[in-house]
Amino acid sequence: MVTYRSSREWEIMREAGRVVARTLEAVRRAAEPGISLRELDAVAARSIKEHHAVSSFLGYHPSWAPTPYPATVCLSVNDVVVHGVPDDRVLAAGDLVSADCGAELGGYHGDAAMTFCVGPPDDAGLRLMDVTRTALERAIAAARPGGRMGDISSAVERTAREAGYGILEGCGGHGIGTAMHEDPPVPNTGRAGRGLRLREGLTIAIEPMFHEGGGDATRVLPDGWSIATADGSRAAHFEHTIAITGEDPVVLTAL
Ligand code: MF3
Ligand code: CO
């Protein structure tokens, strides 16, 4: 069931979203060569706690996962696309890190992700990040009342195809509000003009994730959570939680 939320509820989600944005920023700043993913997860845990919020991910146990999620944030390095579980891996210069964070505050959730490079990126990595961020911007611009979900999905898909990047089958965004994952699904592929009619009050997380290889095959790592590209190519992931309003969409997880 799709829930439409009031501007009063967007305001609470904006506060949760601000915690998410600040936490991702703290993680990005701390991601120097030599730091472990576990240490970065602790940075995120401290930030969320400082803001009197709670991680949406820690202990989350969707039906498809073998275990409850064991950490505060997802940290997905290079060929890991999403749901990377922070472990003792130590970051090196040139690693592409996708950090994904969800926080709950006042009964509402915010969910956002970004990819950054440890140290200066190579040209191909920079392009991958730029194109994936552009896909998110285009998709947000398409999130207008009177449009369709397919307008959002096709903005994401077209941006990947034009650049020759792969999109993972079955991975995409979602409705969000009093739960982190709500209806409707927000697919990363689709046709403009099709699907759910977009209405004021819809609050969704849009999350393009692209990889350098053109395919859509994945493998799940032994931790049961981390989803990596089957071809070993590197991935990027950008996500914002937004509200569809009567006018421009509002990004609830902006800094
Ligand atoms: N942004 C991710 C998603 O919507 C975060 C979920 S991670 C989990 O799938 F650990 F909580 F599952
Ligand atoms: Co999400």
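Numbering of ligands and ligand atoms starts at 1, following listing order. Keep in mind the model is a prediction, meaning the values are calculated, not measured.
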Checklist entry - Does the N or O separation between Glu239 and ligand 1 drop below 3.5 Å for any pair? => result yes
Next on the checklist: Please give the atom name: the N, O or S atom of Asp111 nearest to the Co ion (ligand 2).
Outcome noted: OD2
Checklist entry - At under 4.0 Å between heavy atoms, which part of Tyr69 makes contact with ligand 1: side chain, backbone, both or neither? => result side chain
Item to check | Interfacing atoms of ligand 1 (cut-off 4.0 Å, heavy-atom, Met180) | outcome: 11 (F)
Item to check | Identity and separation of the nearest protein heavy atom to atom 3 (C) of ligand 1 | outcome: His181 NE2, 3.3 Å
Checklist entry - Ignoring hydrogens and geometry, is there a side-chain-to-backbone donor-acceptor pair from Arg5 to Gly201 under 3.5 Å? => result no
Item to check | Numbered atoms of ligand 1 (with element) below 4.0 Å of His174, judged on heavy atoms | outcome: 4 (O)
Checklist entry - Relative to ligand 1, is Ser56 under 4.0 angstrom through side chain, backbone, both or neither, heavy atoms considered? => result neither
Checklist entry - Just by distance, with hydrogens left out, do Glu200 and Tyr4 show a side-chain donor and acceptor under 3.5 Å apart? => result no
Checklist outcome for this item: Correct closest heavy-atom pair for Val80 and Ala235 would be O-CB, 4.2 Å
Next on the checklist: If the cut-off is 2.8 Å, does any N/O/S atom of Glu207 fall short of it from the Co ion (ligand 2)?
Outcome noted: yes
Checklist entry - So which N/O/S atom does Glu239 have closest to the Co ion (ligand 2)? => result OE2
Checklist entry - Identify the closest protein heavy atom to atom 1 (N) of ligand 1: which residue and atom is it, and at what distance? => result Asp100 OD2, 2.7 Å
Checklist entry - Of all heavy-atom pairs between Phe210 and Tyr165, which one has the smallest distance, and what is that distance? => result CB-CB, 4.0 Å
Checklist entry - Applying the side chain to side chain contact (heavy atoms under 4.5 Å, CB included) test to His237, which of Leu168, Val81, Leu136, Thr115 qualifies? => result Thr115
Next on the checklist: Just to confirm my output: which protein heavy-atom neighbour is closest to atom 7 (S) of ligand 1, and how far is it?
Outcome noted: Cys74 SG, 3.5 Å
Checklist entry - Looking at ligand 1, does any of its N/O atoms fall within less than 3.5 Å of an N/O of Tyr60? => result no
Checklist entry - Can you find a side-chain donor-acceptor pair between His174 and Glu207 that sits under 3.5 Å? => result yes
Next on the checklist: Any N/O/S atom from His174 (main chain or side chain) under 2.8 Å of the Co ion (ligand 2)?
Outcome noted: yes
Next on the checklist: Under a 3.5 Å threshold, yes or no: a donor from one side chain and an acceptor from the other, between Trp10 and Thr245?
Outcome noted: no
Next on the checklist: For a side-chain hydrogen bond (donor to acceptor under 3.5 Å, both in side chains) check, start with the C-alpha distance between Glu39 and Ser36, then their side-chain angles and the critical distance, and finish with the verdict.
Outcome noted: CA-CA 5 Å; Glu39 288 170 307; Ser36 74; 3.2 Å; yes
Checklist entry - Looking at ligand 1, does any of its N/O atoms fall within less than 3.5 Å of an N/O of Asp111? => result yes
Next on the checklist: Looking at Gly84, is its backbone amide N or carbonyl O close enough to the side chain of Ser76 to form a donor-acceptor pair, meaning the two atoms are under 3.5 Å apart?
Outcome noted: yes
Checklist entry - Starting from atom 6 (C) of ligand 1, which protein heavy atom do you reach first, and at what distance in Å? => result His83 NE2, 3.7 Å
Item to check | Ser47 and Thr23 side chains, donor-acceptor separation under 3.5 Å | outcome: yes
Item to check | Shortest protein contact, atom 5 (C) of ligand 1 (heavy atom only) | outcome: Phe57 CZ, 3.2 Å
Checklist entry - Going by the angle between their ring planes, with limits at 30° and 60°, are Trp64 and His83 parallel, tilted or perpendicular? => result parallel
Next on the checklist: Starting from atom 12 (F) of ligand 1, what is the nearest protein heavy atom, named by residue and atom, and what distance separates them?
Outcome noted: Trp225 CZ3, 3.2 Å
